[in-house]
2 protein chains.
Amino acid sequence: MSTRGEQTRAAIAEAALRLFREYGYEATTMRVIAGEAGVATGNAYYYYGSKEELIQEFYARNQAEHAAACRPVLDKETRLGPRIAGVVRALIDVLAPYHGFAAQLYRHAAEPASPLSPFSAESSPARTAAIGLFGEVIGGARVRVPASARGKLAELLWLYSLGIVLYWVHDASPGCRATYRLIDSTAPIAARLIRLAWVPGLRSMTRQLLAVMDDARLP
Amino acid sequence: MSTRGEQTRAAIAEAALRLFREYGYEATTMRVIAGEAGVATGNAYYYYGSKEELIQEFYARNQAEHAAACRPVLDKETRLGPRIAGVVRALIDVLAPYHGFAAQLYRHAAEPASPLSPFSAESSPARTAAIGLFGEVIGGARVRVPASARGKLAELLWLYSLGIVLYWVHDASPGCRATYRLIDSTAPIAARLIRLAWVPGLRSMTRQLLAVMDDARLP
DNA sequence: AGGTGTATTTGAACGTGTTCAAGATACGTC
DNA sequence: GACGTATCTTGAACACGTTCAAATACACCT
């Protein structure tokens with residue numbers, strides 16, 4: 001295919017990401033991005049439909065970094081609680097340098113119609129990959145979970161991680177220590193809930209919950 | 001105090017809310033709002049610091065409407081599950097005419113720094129009122145909950161309602177039936193969880209969770 | 001080499017939210 | 001009634017994201 005424009009595209013993305021991290025999303029203008037990339041303003045719109053679209057690059061890189069950062073704990077740890085905590089901690093570790101940027105991002109990511117929404121079709125690859133990580137969390141732990149429930153459990157853990165990220169975005173404590181504390185105190189609870197979910201007396205409620213997830217899935 | 005500008009302020013707010021509901025948030029420009037209110041563009045900024053600030057009026061009215069819509073179920077129903085469902089259903093009922101508008105709003109409400117965030121200091125009155133409604137949900141139900149846990153339980157139910165609203169915003173089914181179905185299927189689960197929370201074997205986990213909520217509260 | 005069509009690039013122009021210096025208006029004080 | 005100050009009002013101007021018709025570079029064919 002055309003290699004011609006690929007370099008321009010890459011230059012634009014690189015300039016954008018660097019400027020975003022350095023000055024934030026709002027403060028970085030399309031004119032400056034184009035200027036840094038050595039092209040005209042309008043040319044950026046030939047490769048990216050909008051400023052928001054530039055963020056997809058950020059998403060893709062972060063997803064890959066997160067997957068890599070998870071490897072150690074996924075390969076070595078066998079206890080469910082530490083596995084959950086490890087994967088979510090890795091996510092926050094990866095996001096850490098972008099704390100301010102991520103907060104501004106949230107505005108765009110939260111809009112349902114936005115392609116940046118974690119629930120959008122455009123985010124499907126990143127979402128699937130992230131949920132897959134939590135599938136590994138469950139699969140590699142010494143815990144008995146019915147095979148039919150694994151997928152939905154992974155989705156629930158992904159929702160849990162979204163909640164942690166939401167907390168992190170609001171967290172102004174030094175080094176975001178409050179977020180790490182929250183992870184360390186909630187991951188064991190999540191693990192315990194998962195282990196308890198199939199004991200008699202709770203099993204029916206668990207089944208009910210999983211059924212709701214099937215029923216509530218939006219197209 | 002100065003009654004002089006009060007009428008202008010009211011005229012601007014009124015025009016803005018009408019146009020927002022009719023044409024949506026993005027499509028309504030400050031120039032048109034000012035024009036409809038019969039003032040110059042810049043004058044709108046004398047009364048409202050930004051376009052976003054105009055939305056606070058929308059919030060205030062909705063909170064009042066929701067509280068009123070809850071009265072019947074809060075006064076008559078005594079079972080916990082139906083009380084929860086009733087209050088959350090009332091919320092969706094009140095929001096229903098603004099489905100499209102609310103979706104656009106979400107973008108601004110989700111940004112942590114935004115005064116429109118449900119977690120922001122500026123939203124504190126509306127948030128406190130909403131949590132208070134869920135306090136009533138628990139207080140008026142025939143269910144034994146330790147007094148010390150009521151406040152936090154109300155907060156959890158409020159978070160649950162935020163989750164429902166998030167789902168509703170994404171819900172494109174006719175009449176948002178999917179959202180109502182979700183409420184009807186999850187409210188009983190929530191009620192059952194609350195009743196089970198203090199049985200032996202789960203009590204310690206509940207205490208752990210409530211302790212986390214104290215620890216994790218952001219300033 | 002020349003011609004043709006597609007891919008890329010340009011920079012001016014549009015409409016937006018927002019700002020601001022300047023003007024107009026009301027109101028207390030002499 | 002005239003002055004002075006605080007309150008309000010104005011509309012032009014700014015920087016932004018985005019669009020678009022025109023210009024340019026390139027690949028391929030004859």
Side-chain angles (χ1 to χ4, degrees), chain A residues 1-20 22-58 101 104-109 111 113-116 122, chain B residues 1-20 22-58 101 104-111 113-116:
Chain A
M1 213 54 86
S2 63
T3 320
R4 180 142 66 107
E6 286 305 316
Q7 291 179 13
T8 311
R9 187 186 170 90
I12 292 167
E14 207 158 320
L17 290 187
R18 187 171 55 76
L19 291 165
F20 283 165
E22 202 156 342
Y23 303 104
Y25 181 71
E26 311 287 351
T28 303
T29 74
M30 289 299 277
R31 283 165 179 79
V32 172
I33 293 172
E36 286 287 294
V39 298
T41 310
N43 198 14
Y45 286 89
Y46 183 78
Y47 293 100
Y48 295 93
S50 67
K51 193 179 174 186
E52 283 192 4
E53 223 167 87
L54 279 162
I55 305 179
Q56 298 281 11
E57 306 279 342
F58 170 75
F101 176 41
Q104 294 179 310
L105 232 60
Y106 233 80
R107 140 177 317 209
H108 301 267
E111 194 186 23
S114 167
L116 297 178
E122 288 85 348
Chain B
M1 211 56 83
S2 63
T3 320
R4 180 141 68 105
E6 284 307 315
Q7 291 180 15
T8 311
R9 186 186 171 90
I12 293 168
E14 208 158 320
L17 290 187
R18 186 172 55 76
L19 290 165
F20 284 164
E22 202 156 343
Y23 304 103
Y25 181 72
E26 311 287 352
T28 303
T29 74
M30 289 299 276
R31 284 166 178 79
V32 173
I33 292 172
E36 286 286 295
V39 299
T41 310
N43 198 16
Y45 286 89
Y46 184 79
Y47 292 100
Y48 294 93
S50 69
K51 193 179 175 187
E52 284 193 2
E53 222 167 87
L54 278 162
I55 306 178
Q56 296 283 10
E57 307 277 343
F58 170 75
F101 175 41
Q104 293 179 312
L105 232 58
Y106 231 79
R107 138 177 318 209
H108 301 269
E111 195 186 22
S114 167
L116 296 178

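Values below: all heavy atoms of this structure, side chains included; hydrogens, waters and symmetry mates excluded. Note that this is a predicted model, so its numbers are computed, not measured. Just so it is clear: chains get the letters A, B, ... in the order the sequence lines come, proteins before strands, and each one is counted from 1.
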message = Using a 3.5 Å distance criterion without hydrogens, assess whether the side chain of B:Glu36 forms a donor-acceptor pair with backbone atoms of B:Ala15.
response = no

query = Is A:Lys51 close enough and on-axis enough to A:Phe20, meaning under 6.0 Å and within 45°, for cation-pi?
reply = no

query = Distance-only, no hydrogens or angles: does the B:Glu57 side chain make a donor-acceptor pair with backbone N or O of B:Ala13 under 3.5 Å?
reply = no

request  = Starting from P on C:dT8, measure out to OH on A:Tyr48 and report it in whole angstrom.
outcome  = 13 Å

message = From CD of A:Glu26 over to P of D:dA15, roughly how many Å is that when rounded to an integer?
response = 18 Å

request  = Search all heavy atoms of B:Ala40 against all heavy atoms of B:Ala34 and return the closest pair with its distance.
outcome  = O-CB, 3.6 Å

query = Atom CD of A:Glu53 and atom P of D:dG17: how far apart are they, to the nearest Å?
reply = 15 Å

Whole-Å gap separating C1' (C:dT9) and CZ (A:Arg9) = 16 Å

ask   = Within the modelled atom types, does a donor on one side and an acceptor on the other bring the side chain of A:Arg31 and the base of D:dG17 under 3.5 Å apart?
value = yes

key: Spacing between B:Gln7 atom CD and C:dA26 atom C1', to the nearest angstrom   = 14 Å

Interface polar pairs with nucleotides 9-11 of chain D, N/O, under 3.5 angstrom:
| from | atom 1 | to | atom 2 | distance (Å) |
| --- | --- | --- | --- | --- |
| D:dT9 | OP1 | B:Thr8 | OG1 | 3.2 |
| D:dT9 | OP2 | B:Asn43 | ND2 | 3.3 |
| D:dT9 | OP2 | B:Tyr47 | OH | 2.6 |
| D:dT9 | O5' | B:Asn43 | ND2 | 3.3 |
| D:dT10 | OP2 | B:Ala40 | N | 2.7 |

inquiry  = Heavy-atom nearest nucleotide on DNA chain D for A:Gly49 versus A:Val32: which residue maps closer to 5'?
reply    = A:Val32

message = With a cut-off of less than 4.0 Å, is there a side-chain N or O of A:Tyr45 near OP1 or OP2 of D:dT19?
response = no

task = To the nearest Å, give me how far apart OH (B:Tyr23) and C1' (C:dT16) are.
result = 18 Å

message = Tell me whether the NZ or CZ atom of B:Arg9 lies within the 45° cone about the ring axis of B:Tyr46 and under 6.0 Å from its centre.
response = no

ask   = Is B:Tyr45 close to B:Glu53 at the side-chain level, that is, under 4.5 Å between some pair of heavy atoms?
value = no

task = To the nearest Å, give me how far apart NZ (B:Lys51) and P (C:dG15) are.
result = 16 Å

